[in-house]
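Quick notes on the structure that follows.
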4 protein chains.
Amino acid sequence: MRRPGYGSEHTGRRPGYARADMSNHPSERAPTKSSAAHGSDRELRADARRNRERVLQIAQQLFARDGLGVSLDEIARRAGVGPGTVHRHFPTKEALYLAVATDQIEQLVEEAKALATTDDPAALFTLLSRMMASGAENAAVKSALAAAEFDLRTAAPDVAADLTRGVTDLLDRAHAAGAVRHDLTVEELMALVAGAFAAIRHAGAETSHERSAHIAQIILDGLRPRPR
Amino acid sequence: MRRPGYGSEHTGRRPGYARADMSNHPSERAPTKSSAAHGSDRELRADARRNRERVLQIAQQLFARDGLGVSLDEIARRAGVGPGTVHRHFPTKEALYLAVATDQIEQLVEEAKALATTDDPAALFTLLSRMMASGAENAAVKSALAAAEFDLRTAAPDVAADLTRGVTDLLDRAHAAGAVRHDLTVEELMALVAGAFAAIRHAGAETSHERSAHIAQIILDGLRPRPR
Amino acid sequence: MRRPGYGSEHTGRRPGYARADMSNHPSERAPTKSSAAHGSDRELRADARRNRERVLQIAQQLFARDGLGVSLDEIARRAGVGPGTVHRHFPTKEALYLAVATDQIEQLVEEAKALATTDDPAALFTLLSRMMASGAENAAVKSALAAAEFDLRTAAPDVAADLTRGVTDLLDRAHAAGAVRHDLTVEELMALVAGAFAAIRHAGAETSHERSAHIAQIILDGLRPRPR
Amino acid sequence: MRRPGYGSEHTGRRPGYARADMSNHPSERAPTKSSAAHGSDRELRADARRNRERVLQIAQQLFARDGLGVSLDEIARRAGVGPGTVHRHFPTKEALYLAVATDQIEQLVEEAKALATTDDPAALFTLLSRMMASGAENAAVKSALAAAEFDLRTAAPDVAADLTRGVTDLLDRAHAAGAVRHDLTVEELMALVAGAFAAIRHAGAETSHERSAHIAQIILDGLRPRPR
DNA sequence: AATGAATGAGCCTTCATTCAT
DNA sequence: CATGAATGAAGGCTCATTCAT
């Protein structure tokens with residue numbers, strides 16, 4: 001554990017006034033690239049996007065290191081922008097959680113899709129290994145979000161469904177090839193991945209990469225078909 | 001007095017004052033049983049203890065259901081006491097976390113000790129099963145505490161060490177009997193238990209007991225000796 | 001998200017957190033005048049500064065009238081700002097004490113410096129008279145701060161040293177001119193000024209200006225060389 | 001200054017419910033010794049009085065050392081009694097201030113009365129010297145009380161009047177003998193004594209007895225008749 | 001009469017969110 | 001669009017006071 005004391009948390013500040021819909025907020029407009037139509041607008045967009053990216057990245061780091069409790073002001077300060085700017089891009093703190101989580105999941109979806117094109121029946125294990133190895137940082141964020149009961153399935157059904165679909169495909173293939181125990185469902189699989197994150201995180205930040213891998217391996221071993 | 005009210009003063013709220021030694025706080029006095037000497041004294045204690053228990057129990061429930069973010073005022077309200085009473089028993093919020101965590105761990109230690117007296121080489125698995133099955137509530141609290149980087153090893157070294165010792169004993173025996181994979185260390189084992197909690201919790205509160213058991217089983221299977 | 005509300009979290013209120021470095025707090029940034037570069041920036045600052053001044057002034061009044069015990073909320077209310085605004089300018093209550101005290105001392109330092117440029121060997125007495133006459137309000141604040149053992153010498157060594165230096169200069173000159181008893185040290189002098197404040201204050205707020213002056217005069221007379 | 005930070009203060013807790021008259025509270029009954037009529041009652045009284053004395057003494061010490069801000073619980077703890085006992089003797093915190101102040105003043109009144117029986121025209125100075133020398137502890141308490149605008153003249157008119165009367169007598173005699181400047185009134189004199197306390201206190205707790213005496217002397221010198 | 005547990009108002013501080021510039 | 005000052009609702013904690021034992 002990094003610090004003796006505190007960490008992942010969020011304040012549970014009940015917004016009070018501005019709980020409203022976050023619909024036509026700029027950051028909610030689909031980030032299509034097609035909007036790069038006429039010059040001057042695009043120029044500003046570039047700036048704005050750079051800011052958005054920067055805030056997102058800093059937020060990810062700080063959430064991972066200090067938990068969800070870091071203040072938006074702190075994030076703004078470290079990102080070199082004003083608090084107002086953070087709010088322009090992420091109208092509530094929860095929106096920022098969501099963006100961070102989504103960002104990380106999307107990478108996994110990409111990977112799942114890529115692996116889906118191979119023939120390897122054990123592609124599932126490749127994906128799982130990568131997921132589990134994806135580092136303490138990610139694990140920290142996810143673990144914090146999980147503890148905060150921030151449920152991606154509710155908050156961003158699309159992304160979550162995407163991931164589930166990708167994993168399901170790989171799981172089906174593995175089942176077909178007998179590479180995985182027959183009584184394993186996708187839900188259980190996802191839960192176990194979350195568990196792996198937690199386990200690795202619990203082992204401590206100072207834990208060697210090897211030990212993390214070993215923990216992951218043990219869980220993966222549990223997924224193998226049971227010897228009769 | 002010049003004015004009817006009060007005058008020059010300041011509250012002397014020393015920021016960080018709560019950090020001071022909490023030694024002679026009632027809840028820190030060793031809970032010796034020798035104090036059960038004469039009736040009236042015991043009677044008074046009983047009331048206080050009842051309150052303490054009640055707060056602890058409510059805190060456990062609320063932490064499990066809503067996370068560590070629940071306010072002490074809320075806990076007090078639900079426990080039917082004033083905020084000051086919570087403070088009397090648990091001088092800081094962290095002390096309350098600690099008490100909740102300790103309370104839960106102590107049960108496990110008891111169980112570990114009990115199992116240590118049997119001859120069963122698979123006693124380890126019995127303990128692990130029980131730990132993992134110990135319910136969503138516990139899992140929720142532990143997961144929340146873990147995510148908050150609340151480190152029991154730092155906060156209550158004694159209890160943590162007790163648990164580790166108990167588990168180590170069982171692990172050694174399992175190793176000797178070849179009931180567990182040879183490359184498993186206690187640290188990994190503890191991490192995996194934490195991971196199991198997270199996994200079960202991730203599966204969702206509405207998950208059936210069976211599914212939880214299945215997830216636990218998968219992790220336990222991973223601990224078995226590898227088939228050569 | 002599972003539930004509509006929030007989840008596992010804790011607020012991360014670190015007791016004693018306010019003790020952390022207040023370095024890059026706005027009010028700590030050196031008040032350079034160079035920031036008066038371009039209009040819009042200065043405009044914004046003007047608003048903030050107006051607020052700051054207002055809070056400081058109200059605080060001074062209330063501290064003088066009701067003692068250091070007045071709550072920050074009360075000060076905020078009377079200044080027509082929210083508690084957060086007070087905090088923005090004065091991150092802790094002590095910072096506000098300090099600001100009030102510093103504000104008052106700085107005026108004296110100015111005066112001391114001005115008098116230092118004259119040739120009058122009795123300039124010391126002029127300064128002391130002015131200090132003592134500087135009004136019940138100031139006296140009240142200082143007396144309150146002194147009673148609270150708020151030590152300017154520790155809290156703001158620079159300002160305190162400035163004042164001491166100025167007074168020392170004048171005292172030296174007075175010594176040289178034989179205008180003051182030879183056995184008087186700066187420390188004693190400062191203590192006596194504090195005593196004069198207390199005496200005037202003790203005489204009561206409703207005391208006439210004349211009586212205050214008389215009390216001051218008596219103390220000043222004690223500083224004169226002893227008739228042999 | 002003893003500690004860098006805080007000190008004399010009181011919390012300004014506005015009692016809310018129990019602001020009522022403190023009349024027929026046991027501690028308000030005149031402490032005549034005649035009530036020692038029948039045995040069993042007298043036995044209890046002795047205990048109670050011992051407790052009262054002890055609390056008073058501890059309160060005096062703590063007020064002097066740490067300011068009026070010390071909590072009643074702390075005082076109770078150090079006095080070896082329960083908080084309830086403190087309240088039995090001093091129903092409000094202010095009552096405790098009053099008792100402490102009164103206790104100290106009464107000693108001075110005794111002294112003044114004793115001196116009033118001598119013929120020494122400079123008896124006034126003897127009294128003043130003693131008052132001023134009466135130690136940092138007393139000064140601390142008085143200064144704290146003064147800063148808190150705790151005005152003995154309002155709170156305990158009798159004792160205050162007693163003291164004033166005694167001092168007036170001595171002042172009159174000194175005036176008659178030409179031992180004191182003719183333009184000095186009792187009110188000024190009392191204010192100056194308060195000022196002397198503050199000055200001595202300001203010089204710091206670590207100040208030598210000699211320096212304290214010197215400061216007192218300077219003030220006393222100011223009281224002497226002006227050389228024409 | 002003493003104890004000490006309980007109360008609850010209030011304090012200082014934090015921080016998500018809003019809004020004037 | 002960005003800035004950063006302002007808001008204000010909590011939150012954790014303290015402590016004078018009350019009351020059951």
Side-chain angles (χ1 to χ4, degrees), chain A residues 10-18 26 44-45 47-48 51 69 71-74 76 81-88 91-94, chain B residues 10-15 17-18 26 39-41 43-45 47-48 51 69 71-74 76 81-89 91-93, chain C residues 10-15 17-18 26 39-41 43-45 47-48 51-52 69 71-74 76 81-89 91-93, chain D residues 10-19 26 44-45 47-48 51 69 71-74 76 81-88 91-94:
Chain A
H10 73 195
T11 64
R13 185 70 48 92
R14 270 164 234 65
Y17 7 134
L44 285 170
R45 269 241 154 103
D47 257 42
N51 268 340
S71 76
L72 294 184
D73 280 17
E74 172 82 1
V81 303
T85 303
V86 173
H87 261 271
R88 166 161 295 272
T92 70
K93 195 172 193 183
E94 225 171 311
Chain B
H10 71 194
T11 63
R13 181 72 47 93
R14 284 162 211 71
Y17 179 49
S40 72
D41 188 33
E43 209 66 347
L44 202 56
R45 281 244 151 91
D47 254 43
N51 265 336
S71 78
L72 294 184
D73 282 14
E74 172 81 4
V81 302
T85 301
V86 173
H87 184 65
R88 163 173 284 270
H89 292 296
T92 67
K93 196 172 191 183
Chain C
H10 71 193
T11 63
R13 183 70 51 92
R14 285 163 211 71
Y17 179 50
S40 73
D41 188 34
E43 209 66 347
L44 203 56
R45 281 240 153 96
D47 255 44
N51 266 334
R52 200 194 119 100
S71 79
L72 294 184
D73 283 14
E74 171 81 2
V81 302
T85 300
V86 173
H87 184 66
R88 164 172 285 270
H89 292 296
T92 67
K93 195 171 193 184
Chain D
H10 73 196
T11 64
R13 184 70 49 91
R14 269 165 234 66
Y17 7 134
R19 206 62 214 292
L44 286 170
R45 272 249 149 96
D47 258 39
N51 268 339
S71 76
L72 294 184
D73 280 16
E74 172 81 2
V81 303
T85 302
V86 173
H87 263 269
R88 163 162 297 271
T92 70
K93 197 172 191 182
E94 225 171 311

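Below, read A as the first sequence line, B as the second, and so on, with proteins coming before strands; counting in each chain starts at 1. All of these numbers come straight from a predicted model, not from anything done at the bench.
Rounded to the nearest 0.5 Å, atoms NE2 (His87(A)) and NZ (Lys93(A)) are 9.5 Å apart.
When rounded to the nearest whole Å, the span between CG of Asp47(D) and P of dA1(E) equals 11 Å. Atom NZ of Lys93(D) is separated from atom P of dC15(F) by 8 Å (rounded to the nearest Å). Regarding Asp73(B), its CG atom lies at a distance of 12 Å from the C1' atom of dG10(E), rounded to whole Å. For the pair His89(C) NE2 and dT13(E) C1', the interatomic distance rounds to 16 Å; values are reported in whole Å.
Listed candidates were dC12(E), dT17(E), dT17(F). Nearest to the side chain of Leu72(C) is dC12(E). Picking from dG12(F), dA6(F), dA16(E) the nucleotide with the shortest atom distance to the side chain of Ala48(C) gives dA6(F). Of the candidates dC15(E), dG8(F), dT7(F), dG8(F) carries the atom nearest the Pro83(C) side chain, counting heavy atoms from C-beta on.
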query: If you write DNA chain E from 5' to 3' in dot-bracket form, with Watson-Crick or G-U pairs under 3.5 Å, [ ] for crossing pairs and | for pairs with another strand, what do you get?
result: .||||||||||||||||||||

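Pro83(B) places a side-chain heavy atom less than 4.5 Å from the side chain of Asp73(B).
Of the two residues near DNA chain F, Asn51(C) and Gly84(B), the one whose nearest nucleotide lies more 5' is Asn51(C).
Dashed line: the shortest gap from a side-chain N or O of His87(C) to OP1 or OP2 of dC12(E) is not under 4.0 Å. Dashed line: the shortest gap from a side-chain N or O of Thr85(B) to OP1 or OP2 of dA5(E) is not under 4.0 Å. Side-chain nitrogen and oxygen atoms of Arg88(A) include none within less than 4.0 Å of the OP1 or OP2 phosphate oxygen of dC1(F).
When all heavy atoms are compared, the tightest approach of Asn51(C) to Thr85(C) is ND2-CG2, 4.4 Å.
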